[in-house]
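Okay, structure first, notes after.
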Amino acid sequence: MAELRLNSPLQYVKGVGPKKAAIMAGLGMTEVRDLLFYLPRRYLDRTSVTPIAKLRVDEPATIVGVVKAHGILHGRRKRYEVIIEDDTGGIPLLFFQGVKYWERTFKKGQIFAATGTVGYFMGLQMVHPDLERLEDEGDRMIHAGRIIPVYPQRAELSKAGLNSKTIRRLTTFIFDNLTERIPDYLPPAECRRQQLPVLDEAIRTIHYPDNRDQVEYGRRRLAFDELIRFQHLVFRNREHKEKTVKTRTYAPPGEMLGGFKNNLPFDLTSGQKKAVKEIFDDLQKEHPMARMLQGDVGCGKTVVAVLSALYIAENKLQTAFMAPTEILAEQHFRNWQEPLSKVGVTAGLLTASLKAAEKKETVRRCLEGEIDILFGTHALIYDYVSFNHLGLVIIDEQHRFGVQQRGKLYAKGDNPDLLVMTATPIPRTLALTLYGDLDISTIDNLPAGRQPIRTVWRATDVRDKVYDFIKDDIAKGGQTYIVYPLIEKSDQIELENVEDAYRDLSEGVFKDCRVAIVHGRVKPKERDEILGRFRDGEIDILLVTTVIEVGIDNPNATIMVIEHAERFGLAQLHQLRGRIGRGEKQATLVAIAHQPISDIAAQRLKFFISCTDGFRIAEADLELRGPGEVFGVRQSGPLEFNSVRLSQDRDLLEASRDLLRRLFQEYNSLDTDYRSLLDYLNKRAAQIDHTLGGG
Ligand code: ADP
Ligand code: MG
């Protein structure tokens with residue numbers, strides 16, 4: 001009988017030979033502890049498995065069934081098709097990649113669980129679902145009302161025969177022979193206070209739950225851990241900021257700013273003025289600013305950011321202004337270079353697609369302090385970019401960047417001031433959680449004279465009428481975007497694509513109009529040239545994919561048509577809509593939905609046409625999709641929320657903030673186990689080398 005400890009090599013576990021051990025080591029698992037923390041990613045039971053006859057298009061589902069037939073299909077693209085059947089019906093699973101591998105994987109009569117989104121191509125199908133081979137026993141367990149954990153599938157593991165079933169066997173052996181419990185860094189008193197299991201219990205429960213409630217009980221404990229680690233960093237950033245004193249001071253706003261404002265073609269809105277004042281006040285304080293500027297699409301955040309950069313330039317310091325796409329970075333540069341130069345401020349642009357010589361020259365000028373405001377993309381964070389005296393970092397559409405990227409840019413200065421911007425308004429509780437280390441300025445009104453965008457939802461059969469409407473509008477001087485979900489025809493999914501549409505429309509119904517096309521595969525240079533011409537009114541209709549989603553600005557665009565609106569998320573639809581109605585003319589958005597439309601999609605569209613308030617859209621989106629997607633938490637690397645479900649874990653979130661407050665503010669009066677919790681968190685944070693952007 002083996003006596004196992006948490007740090008025993010995995011080879012001591014029965015069933016793990018040298019070969020399996022080597023493969024697990026390749027995935028970072030060498031000790032018993034590592035395997036215990038390799039957690040199921042979902043569970044199968046009667047409530048989570050959908051009978052095939054009940055599948056609905058566009059909805060995610062897990063099915064369990066028997067392989068009835070499988071083989072290669074030759075079409076426009078070679079693919080592997082597997083027919084899976086349960087008592088209620090059958091459905092094809094399709095694999096376009098790894099045909100050889102799938103050929104070896106499937107045998108007639110085997111039972112599989114497949115999880116994916118149900119697609120439609122001449123009938124329901126699932127493309128590249130997640131697969132889990134179940135033994136008959138697994139199938140029976142489900143029918144018997146049991147709950148089966150499913151582990152993340154990795155190609156390497158499956159090849160070594162490490163499927164969910166074998167992993168279950170290994171963890172059973174481990175728990176039977178483990179001579180110690182998993183130590184907990186959370187004080188037992190805190191677990192009781194939060195009604196959460198201690199770590200050892202949580203881990204056991206998660207591997208071997210008896211029912212869904214137990215899964216949830218264990219999950220909440222791990223979620224709490226993730227929240228504490230995250231909040232710890234937020235608190236640490238705050239504390240760091242409060243301790244940091246800037247070596248630079250800013251004079252009160254001067255003439256440059258005055259001159260610049262006088263040259264603007266508009267007056268600032270009250271919301272913009274308020275934001276500018278908050279930012280300027282903050283900049284004059286002795287601690288570095290860490291501020292988020294939020295406001296709905298089109299409210300005019302850019303000019304506020306540019307004024308801030310100008311203020312920094314007045315004080316002889318530089319600004320780095322980072323945007324998520326080349327189109328956007330170039331647009332900012334093009335829009336602001338001239339007005340800035342009029343007051344003696346030099347702007348520069350750095351993106352990956354510039355010629356090497358241009359890049360080199362820009363980098364040199366920046367280093368020598370000849371550039372005051374450097375606009376750019378991710379290119380700004382490359383190692384070869386340095387500043388002479390960086391005073392302010394501005395990050396546009398900040399949720400598009402990962403924590404590390406923001407941190408890297410930040411590190412190019414000596415505790416520079418920070419302004420991050422987002423058009424995704426964040427409900428207050430969440431903002432506190434995710435950005436508790438940032439102060440927030442909100443622009444809550446749109447520039448005057450904007451008319452609300454008329455939004456309608458139409459079926460495909462009225463397309464001709466929509467096209468007539470576009471032609472009438474062009475005759476009156478308007479411009480149109482038509483948005484498509486795909487660049488070119490796909491045989492995986494039946495969707496309109498921008499290339500075919502361009503051919504059909506520019507030679508057909510719109511042959512007398514000036515039509516152009518832009519998508520992600522158009523070369524940046526050409527793309528800019530086209531967008532520039534569109535902006536200058538030389539193009540009537542621009543056919544696009546979602547490359548235009550972020551920030552593109554043409555105040556004269558009056559109509560947007562979105563093909564397959566049923567496929568887009570709420571926030572994305574709202575962002576797209578933000579591209580029109582930026583001037584004073586009435587703008588119209590036509591969301592064209594193609595059958596079949598899922599219930600969720602119908603709900604989304606109904607909400608979308610009835611609401612133009614970005615705040616309410618963000619909240620609805622949060623309910624429908626969860627915050628990972630909405631706020632880019634996913635991208636935050638070591639801070640990934642795997643167990644947290646922010647929409648249902650608000651209590652844990654408050655509790656984690658409360659705990660951290662105690663740790664930071666009452667450290668000296670805390671019990672030793674609470675102190676060691678903070679020490680543990682500090683040590684961990686030091687390893688992550690993290691800057692949330694707050695400094
Ligand atoms: P966002 O907040 O979405 O980044 P932008 O900064 O791109 O919005 O501004 C949207 C449009 O509104 C731009 O064309 C900009 O020039 C214009 N704009 C900004 N502020 C005002 C204002 N105060 N009055 C009129 N138009 C404005
Ligand atoms: Mg913007």
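Atoms within a ligand are numbered from 1 in the order they appear, just like the ligands themselves. This structure is a prediction, so every number in the text was calculated from the model and none was measured.
Under a cut-off of 6.0 angstrom, the local environment of CG in D267 is sparse, with at most 12 non-hydrogen atoms contributed by other residues, nucleotides or ligands. In the displayed structure, E358 atom CD is contacted under 6.0 Å by more than 12 heavy atoms of other residues, nucleotides or ligands. Heavy atoms from other residues, nucleotides or ligands lying under 6.0 Å from CD of E255 number 12 at most.
Considering both main-chain and side-chain atoms, P447 never comes within under 3.5 Å of ligand 1 through any nitrogen or oxygen pair.
Between the side chain of S341 and the backbone N or O of G344, no donor-acceptor pair lies under 3.5 Å.
Using a 4.0 angstrom heavy-atom cutoff, R450 counts as in contact with ligand 1. Heavy-atom distances between G295 and ligand 1 stay at or above 4.0 Å for every pair.
Proximity of M421 to ligand 1, defined as any heavy-atom pair under 4.0 Å, is not found for any part of the residue. With a 4.0 Å cut-off on non-hydrogen atoms, K301 touches ligand 1 through its backbone as well as its side chain. For L268, every heavy-atom contact with ligand 1 shorter than 4.0 Å involves the backbone, none the side chain. Only the backbone of D267 comes within 4.0 Å of ligand 1, counting heavy atoms alone; no side-chain atom from C-beta on gets that close.
Close contacts of ligand 1 with T302, meaning ligand atoms under 4.0 Å from a residue heavy atom, involve 4 (O), 5 (P), 6 (O), 7 (O). For ligand 1 and V297, the ligand atoms under 4.0 Å from any heavy atom of the residue are 3 (O). Close approach to T269 involves these atoms of ligand 1, each under 4.0 Å from a residue heavy atom: 23 (N).
Applying the side-chain hydrogen bond (donor to acceptor under 3.5 Å, both in side chains) criterion to N263, with sequence neighbours excluded, gives no partner residue.
Within the structure, ring-ring contact (aromatic ring centres under 6.0 Å, His included) pairs that include any residue of residues 288-316 comprise Y250-Y311, F280-Y311 (at least two apart or interchain).
Residues H519 and Y484 place their aromatic rings such that the two centres sit no closer than 6.0 Å.
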